[in-house]
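Scope of the values below: all heavy atoms of this structure, side chains included, with no hydrogens, waters or symmetry mates. The sequence lines fix the lettering, A, B, ..., with proteins before strands; numbering per chain opens at 1.
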Amino acid sequence: MTAGVNSAILASVDASEKRQSHLLLFPAIAVVSLAIAPFLWLGALSFVADGQISLEHYARMLANPSYITTFVTTLQMSAVVTAFVVLLGFPAAYAISLLPHRLATAALTLVAIPFWTSLLVRTYAWMVLLQRNGLINTWAIELGLVERPMRLANSFLGTSIGMIHIMLPLFIFTLYGTVKAIDRTLLRAAANLGASPIRTFMTVFLPLSLPGVVTGAMLTFIICLGFYVTPQLLGGGNVTTIPMRVQQNILIYSDWGAASALGVVLIVIVALVMLTLRAVVGKRG
Amino acid sequence: MTAGVNSAILASVDASEKRQSHLLLFPAIAVVSLAIAPFLWLGALSFVADGQISLEHYARMLANPSYITTFVTTLQMSAVVTAFVVLLGFPAAYAISLLPHRLATAALTLVAIPFWTSLLVRTYAWMVLLQRNGLINTWAIELGLVERPMRLANSFLGTSIGMIHIMLPLFIFTLYGTVKAIDRTLLRAAANLGASPIRTFMTVFLPLSLPGVVTGAMLTFIICLGFYVTPQLLGGGNVTTIPMRVQQNILIYSDWGAASALGVVLIVIVALVMLTLRAVVGKRG
Amino acid sequence: MPSSIEISDLTKRYGQFVSLDNVSLSVSAGEFLTLLGPSGSGKTTLLMSIAGFTRPDAGSIRIDNKEIVALPPHKRNIGMVFQNYALFPHMTVAENVGYPLKLRGVGKAERDQRITAALAAVQMDRFASRNVAQLSGGQRQRVAVARAIVFEPNIILMDEPLSALDKKLREEMQVELKHLQVRLGRTVVYVTHDQKEALTMSDRIAVMRAGKIEQIATPKDIYEAPASKFVADFIGDSDFVPASVVLSTGDHALARNFLQAKLGSLRDPIFVLRPEKIEIDTGADVSHGALRLSGTVQEVLYQGNALVAYIALESGQVIRLQRGTRTSIMESFPQAGSPVRILVHEKDICIVEQEELAR
Amino acid sequence: MPSSIEISDLTKRYGQFVSLDNVSLSVSAGEFLTLLGPSGSGKTTLLMSIAGFTRPDAGSIRIDNKEIVALPPHKRNIGMVFQNYALFPHMTVAENVGYPLKLRGVGKAERDQRITAALAAVQMDRFASRNVAQLSGGQRQRVAVARAIVFEPNIILMDEPLSALDKKLREEMQVELKHLQVRLGRTVVYVTHDQKEALTMSDRIAVMRAGKIEQIATPKDIYEAPASKFVADFIGDSDFVPASVVLSTGDHALARNFLQAKLGSLRDPIFVLRPEKIEIDTGADVSHGALRLSGTVQEVLYQGNALVAYIALESGQVIRLQRGTRTSIMESFPQAGSPVRILVHEKDICIVEQEELAR
């Protein structure tokens with residue numbers, strides 16, 4: 001670059017403006033740090049045992065079969081819940097996207113209200129419905145579907161039902177955005193080229209909504225990994241998830257290091273799923 | 001309408017197609033019902049006492065001053081948390097929106113990872129940081145800022161700090177969408193018409209980002225109302241929120257009716273805030 | 001191979017709004033017919049009814065004498081080029097073009113061959129393996145055409161296929177599309193709101209207005225003999241001068257039978273004067289059957305390839321005169337402020353009925 | 001009242017891309033100057049540098065001899081009409097127009113009066129209390145103009161202000177904006193990629209290409225005497241025939257000094273032939289100083305207000321001849337397939353240097 005008329009003064013104005021805009025970075029850096037800091041500290045803590053740097057907490061996790069069981073249960077439950085959420089949520093999001101604007105807004109609002117309601121209250125509502133003498137068992141017996149009350153609450157099944165109900169709205173919102181954004185002309189084009197409605201759905205609509213399904217499913221899966229209240233109340237002691245083990249380590253054993261290590265593992269799993277998602281969806285877009 | 005050539009056959013094809021499209025409504029109705037049903041049952045239960053329809057649970061709530069205290073605490077804490085989230089989140093969202101695309105994505109991803117992480121783990125991380133001999137107290141004493149450890153955990157303050165940290169990402173995401181969508185040409189137009197950067201910010205940027213701020217703040221407030229794990233763990237018995245009272249009613253007193261009534265009140269508050277939000281933001285758009 | 005289309009009494013209402021008002025129309029096999037009109041005139045509804053995406057309330061659409069009005073779109077076998085091209089973003093160029101063949105169960109080998117042929121017809125064979133997102137607007141347009149012709153439909157519909165392209169490319173594509181249509185010999189129904197496009201490409205133009213066909217004729221007849229003030233105003237530049245003004249102030253050496261034939265049935269006749277059809281009366285042309293009017297030049301605009309004079313007639317009416325910019329013309333062109341006498345030959349005048357046009 | 005602008009040696013790079021390459025330019029007080037060029041030519045960067053939104057790497061911008069190149073935009077007191085109008089959606093029409101006055105501390109009474117006057121100047125006074133969202137494209141455009149003139153800046157910049165309007169409205173607004181500029185007597189710098197708009201409105205046009213000004217001149221000089229093949233191709237329709245072909249095959253009764261003057265300094269000269277400047281050689285015109293070429297009519301296109309003949313010259317080159325559609329012209333117009341002899345007067349020919357143009 002050769003210097004020119006006023007180039008010095010222009011460069012200095014430029015530099016002072018850059019300096020000013022760097023000031024703006026502070027809030028961003030501050031908040032990002034604030035968001036991350038507790039986790040970094042958690043990470044540090046997880047490598048300390050008896051005042052020394054050590055991998056003890058992680059080693060114990062691998063060695064103890066009950067931890068392995070907890071991990072398996074957590075992943076299994078998350079996978080089951082995610083699968084059902086996708087199966088129930090896809091047709092719902094698709095159907096809502098076809099409704100006229102007013103009806104669609106109403107449907108989404110109705111779906112939204114429970115979403116924003118206290119997790120505890122939602123879990124409790126399912127306890128009421130699923131218990132031995134709850135509404136579902138009462139009806140099932142009255143209709144003659146079963147003879148004795150089913151064990152719905154205090155089980156993997158009950159926990160899953162509660163979690164499916166809790167996660168469904170988020171999945172529907174996520175997918176709805178994608179589905180609604182699909183250009184309807186493409187469906188017309190497919191019909192014009194000779195595709196029956198079912199072929200159009202399979203060859204055009206489904207592939208185009210896939211990024212939304214993947215995003216929604218991964219987010220659902222991630223959040224399911226962190227559930228504590230629902231498995232605690234609806235699992236009735238028969239379902240143990242990682243966050244429950246964190247809680248036990250603190251309240252019962254006061255073992256902060258072990259709790260931290262569990263937390264770190266959970267965060268790492270979340271980060272991995274999120275990065276995978278970014279890679280998968282990013283590549284398609 | 002007068003009949004015309006083929007009008008009968010066209011009308012019949014139309015009708016049969018309408019019937020088919022009504023079939024599509026089923027998944028929407030099913031999922032919306034599934035989402036709402038537990039709450040309706042909860043509502044019904046709250047009006048039953050000793051096997052009879054009664055307003056007893058609600059009457060008791062009004063009569064018992066400790067319930068009033070709980071409500072005030074819950075609303076107060078939600079308001080405080082929301083205020084701080086807005087104050088911290090706005091500059092952050094603004095700053096991130098000015099970053100180049102790559103940096104902004106990175107910042108949002110870093111903010112997102114804790115958001116998707118287990119609430120319990122996040123709360124626990126703050127317990128570690130805030131306890132009497134935790135990192136913050138240790139540093140504060142070493143730096144000579146205080147003489148004795150501050151009471152950070154087990155208090156309204158600690159609970160608020162934890163909840164602010166937990167809610168900040170959601171608020172930033174919500175606001176970021178609005179802020180990013182503001183047409184930058186409007187800011188140039190303001191400058192061209194003679195507005196200094198600060199005037200531009202106050203007269204153009206701020207008013208245009210208001211819908212995002214209002215939406216984010218209301219969502220934050222709603223979710224804060226439903227917090228259970230964080231006040232339970234970080235409040236150390238000194239903070240009682242509505243969801244904690246629900247839990248107490250079930251586990252300690254086995255009073256399902258009272259718990260239902262509390263849940264219903266919570267849902268009604270959420271619904272009211274959401275409808276207010278829709279009215280406020282809808283009017284502006 | 002090309003098919004004829006016979007539309008009769010087609011009606012479509014949306015609530016109170018009448019989008020198609022008893023429209024009847026024949027398109028002969030191999031014809032290039034353009035539906036031209038302002039937005040809301042029903043041209044798109046008519047096209048969509050032929051494609052099967054809009055179901056009319058009543059009426060008949062027959063292709064080669066077969067009634068199709070109640071048939072769903074995927075059973076009509078009509079090619080279509082959409083306004084935004086509607087290429088499938090999750091398929092390559094070749095997969096897009098091969099899609100209709102796959103649906104028809106055409107085997108891999110033949111399919112590949114026909115994809116290549118269709119892409120070659122629009123000069124896109126080098127782009128077969130590209131993603132749609134990598135294509136420019138003009139390239140997408142070509143792929144959309146390839147996809148619409150690859151399964152050899154007898155009728156091709158086009159919904160403003162060039163409206164998203166810039167001017168130079170649009171003009172190139174007009175010529176190309178027209179040549180392609182002639183070469184393939186298909187029946188084409190084309191929708192546009194660009195009158196120059198319609199005039200250049202069409203065998204016939206149907207000018208639509210408020211759900212009806214206002215005039216259907218060859219481009220030359222539409223421009224030279226518009227059926228109404230609406231058509232004259234919509235297509236080309238026109239100045240309108242009431243017949244009463246012309247006949248009272250003008251030296252109208254117009255044949256009596258010309259006037260009788262043209263004015264006879266009109267309640268409130270006005271003259272349509274086209275800027276390029278008006279001449280300066282130098283006195284050299286003494287032919288009969290011409291209209292002569294006096295006026296003053298208000299302003300002369302230079303537009304590069306044309307000079308436009310705004311001439312205020314004695315009656316106060318302003319009309320335009322346009323001429324190409326050869327030096328010989330520019331040198332003798334009237335200056336602003338100078339008086340001028342204009343001349344229009346009988347054959348260059350058309351007369352329509354006065355009406356209020358909404359703007 | 002209007003200001004002059006003096007730009008010298010303005011340079012702006014974005015990484016490797018040179019957006020402005022040592023541009024110098026003077027705009028005199030009260031002039032309507034248009035920056036015309038394809039996208040990426042630097043016309044918008046130049047405009048944004050004057051407005052202060054782009055900071056050049058080097059150079060000087062002086063307004064009335066005051067250096068402003070390092071001044072922030074809000075201290076420049078220059079009016080601007082943005083491409084998408086940039087009206088504030090949270091303010092009414094009156095609040096939008098009053099915004100610059102409020103910033104300047106103008107009191108309520110005077111402000112209201114000036115808002116009304118500015119809105120009246122663009123015929124929008126009836127819409128003062130409307131929301132921006134309720135306005136049509138054309139109405140927004142007018143409000144944007146009112147906001148740019150209400151604080152009486154001495155210079156007004158316009159960035160493709162009409163590009164979002166449809167054709168008829170655009171042409172109306174061209175005339176209106178030009179009249180407004182003349183009435184207010186402000187200096188206007190206008191950016192467009194529409195050559196007809198530039199030709200109609202401007203006092204001078206600066207044609208930009210790859211960060212440089214290729215030619216700056218009056219509309220007539222730009223069109224009649226383009227400085228390069230790029231300018232001739234970008235503005236108007238042109239056919240190019242190499243001088244060697246013309247001189248070997250044509251009957252070029254062209255004056256020796258004409259040829260010498262035009263060809264003298266060019267390495268590889270080509271003739272620029274404009275379709276409207278070519279005539280049919282009927283033998284009647286025996287004037288010297290004209291070029292005569294033989295060819296065959298390939299195709300005749302009817303475009304309503306014009307007939308275009310594609311003529312293949314003996315050398316194989318195809319050129320176009322365009323004429324208005326008066327009946328007298330149409331009757332004698334050459335038919336497709338017939339041999340034809342064309343004639344171009346010396347003054348209607350321009351000669352530029354051959355170069356490859358990217359498409």
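Chain A forms more heavy-atom pairs under 4.5 Å with one residue of B:A37, B:G89, B:G226, B:P169 than with any other, namely B:G226. For chain A, the option among B:F26, B:W41, B:Y228 with the highest count of heavy-atom pairs below 4.5 Å is B:W41. Per-residue counts of heavy-atom pairs under 4.5 Å with chain A were compared for B:V246, B:L129, B:I223, B:V111; the largest is that of B:L129. Taking A:S260, A:A271, A:A104 one by one and counting their heavy-atom pairs under 4.5 Å with chain B, the maximum is reached by A:S260. The most heavy-atom pairs under 4.5 Å with chain B, out of A:I172, A:I36, A:L135, A:L45, come from A:L135. Heavy-atom pairs under 4.5 Å with chain A were tallied for B:L251, B:L266, B:I250; the largest tally goes to B:I250. For the set B:V270, B:V229, B:V264, the count of heavy-atom pairs under 4.5 angstrom toward chain A peaks at B:V270. Here B:L219 is the residue among B:L103, B:L219, B:T105, B:I96 with the most heavy-atom pairs under 4.5 Å with chain A.
Neither the backbone nor the side chain of B:A93 comes within less than 4.5 Å of any heavy atom of chain A. The contact between A:L98 and chain B is made entirely by side chain atoms (from C-beta outward), counting heavy-atom distances below 4.5 Å. Of the two parts of A:I29, neither the backbone nor the side chain holds a non-hydrogen atom closer than 4.5 Å to a non-hydrogen atom of chain B. Contacts between A:I242 and chain B at a heavy-atom distance below 4.5 Å are absent for every atom of the residue. Neither the backbone nor the side chain of B:L262 has a heavy atom closer than 4.5 Å to any heavy atom of chain A. With a 4.5 angstrom heavy-atom cutoff, B:I166 does not touch chain A via any of its atoms. A:L168 touches chain B through its side chain: at least one heavy atom from C-beta onward sits under 4.5 Å away, while N, CA, C and O do not. Contacts between A:Q20 and chain B at a heavy-atom distance below 4.5 Å are absent for every atom of the residue. Proximity to chain A (any heavy atom under 4.5 Å) is shown, for B:P243, by both the backbone and the side chain. Interface remark: A:Y94 contributes side-chain atoms only to the contact with chain B (heavy atom separation under 4.5 Å). Residue contact with chain A, scored on non-hydrogen atoms closer than 4.5 Å, is absent for B:L108. In this structure, chain B has no heavy atom under 4.5 Å from any part of A:I269. Looking at B:Q131, the atoms closer than 4.5 Å to chain A (heavy atoms on both sides) all sit in the side chain, from C-beta outward. With a 4.5 Å cut-off on non-hydrogen atoms, B:L225 does not touch chain A at all. For A:L42, the part lying under 4.5 angstrom from a heavy atom of chain B is the side chain only.
Of the inter-residue distances, the one linking A:Q232 atom CD with B:L120 atom CG reads 9.5 Å to the nearest 0.5 angstrom. With values rounded to the nearest 0.5 angstrom, B:L275 atom CG is found 8.0 Å from A:T109 atom OG1. Going from atom CG of A:L34 over to atom CG of B:L88 covers 7.0 Å, rounded to the nearest 0.5 Å. Once rounded to the nearest 0.5 Å, the distance linking CG of A:L119 with CG of B:L119 reads 8.5 Å. Distance check: A:I267 CD1 to B:T117 OG1 gives 5.0 Å after rounding to the nearest 0.5 Å. The OG atom of B:S118 sits 12.5 Å away from atom CD1 of A:I222, with the distance rounded to the nearest 0.5 Å.
More than 12 non-hydrogen atoms from other residues, nucleotides or ligands lie less than 6.0 angstrom from CZ of A:R184. Within 6.0 Å of the CD1 atom in A:I198, the count of heavy atoms belonging to other residues, nucleotides or ligands does not exceed 12. Within a 6.0 Å sphere centred on CZ of A:F84, heavy atoms belonging to other residues, nucleotides or ligands number 12 at most.
Formation of a donor-acceptor pair under 3.5 Å by the B:Y124 side chain with backbone atoms of A:W256 is found in this model.
Inter-residue side-chain proximity for B:P38 and A:H165 is flagged as met; some heavy-atom pair is nearer than 4.5 Å.
Here the options are B:T123, B:V121, B:L233, the test is side-chain contact (heavy atoms from CB on, under 4.5 Å), and the partner is A:Q247; only B:L233 passes.
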